Amino acid sequence: MMASRDSVIQAIEERKSVRSFTDSTPSPDILCRCGAESSPYLRIIDPGTLGNGRIGSYGVISGRPAYVAVVCKDDELVQAGIDGERMVLALTGHGLGTCWLGGTFNRPRVLAAMPPLPDGVKCVAVIAVGYPKQHRGLVERVMRKAVRADHRMCVSDFIIAGAAPAYLAAALEAVRMAPSACNRQPWRFAFNPSGSIDVYGTPSDSFMTLDVGIALAHFLAVAPQYKLVGNDHPHPTLTPVATLIPA
């Protein structure tokens, strides 16, 4: 795992969704060292059970990456997103490329490649992990443009109430850099006079809760003086997801 705050910030800055990998598959050992075995929400998929090694739509993922399934119950999506992205940042620190797959993987094939899941537990995403090709393929360049991967909102755009203290500038910039489905960035932050931060999500996004968890992994990595609790503050248009409070 990352040894310092500076190395975490560097990994956040370097991380980009990679879809074009070499044919060298990372070993399970590096996945485990980066957290794949330490979270109940992450499961390494044996590539030998996937036939030709592809679980994504043709052209979406190329090469032979390893895959880690993200599995959880509906009320565990935030923590699953946090744990998955913590692994992603650790892998980035080791020079590996990653890509979150939510709607472009073959669920029956992935489920067949794992031991049966307990009742109520679903496979909500898959993370591809591999050695990036030196040059992105045409399909990858087109996909990045289609999902506006290089266009992100300003920090001020996702703060809906209150004023962010200056010491959280780096943590909020880290949130801005987090990946999300189609780069929708569904998280919204409300700063309270008490020092807590209510976190909401835009309700129109089907991957919203998982994406908010991914963003919170970035926040908590840069601002570990906060901890996560439930959000019971309703909002007229947004979905309450979590509250950050000083630890």
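Because the structure is a prediction, the values reported are computed rather than measured.
The aromatic ring centres of Y131 and F21 sit 6.0 Å or more apart.
Across every non-hydrogen atom of P179 and W100, the tightest pair is CG-CD1, 4.2 Å. The two residues M208 and G201 come nearest to each other via the heavy atoms SD-CA, 3.5 Å.
A donor-acceptor pair is defined here as one N or O able to donate and one able to accept, closer than 3.5 Å; no such pair exists between the side chain of H94 and the backbone of L96. For the pair N106 (side chain) and R109 (backbone), a donor-acceptor distance under 3.5 Å is present. Side-chain N or O atoms of R152 include one that pairs as donor or acceptor with a backbone N or O of A178 at under 3.5 Å. Side-chain atoms of S38 come within 3.5 Å of backbone N or O of G35 as a donor-acceptor pair. Side chain of T22 to backbone of S24: a donor-acceptor contact under 3.5 angstrom is found. Under the 3.5 Å distance criterion, the side-chain polar atoms of E14 are left unmatched by any main-chain donor or acceptor of A11.
Under the 30°/60° scheme for interplanar angles, the aromatic rings of Y167 and Y226 are found to lie parallel.
Under a 4.0 Å N-O distance rule, the pair D198/R188 does not qualify as a salt bridge.
Counted by atom type alone, S194 and S196 present one or more donor-acceptor pairs between their side chains at under 3.5 Å. Using modelled atom types, one finds no donor on one side chain facing an acceptor on the other under 3.5 Å when comparing D211 with S180. Side chain to side chain, D6 and Q10 fail the donor-acceptor criterion of an N or O pair below 3.5 Å.
With H218 as reference, E85 is the one residue of E85, R86, R176, E173 to meet the side-chain hydrogen bond (donor to acceptor under 3.5 Å, both in side chains) rule. Just one residue in the list L216, L210, D83, I214 forms a side-chain contact (heavy atoms from CB on, under 4.5 Å) with V78, and that residue is L216.
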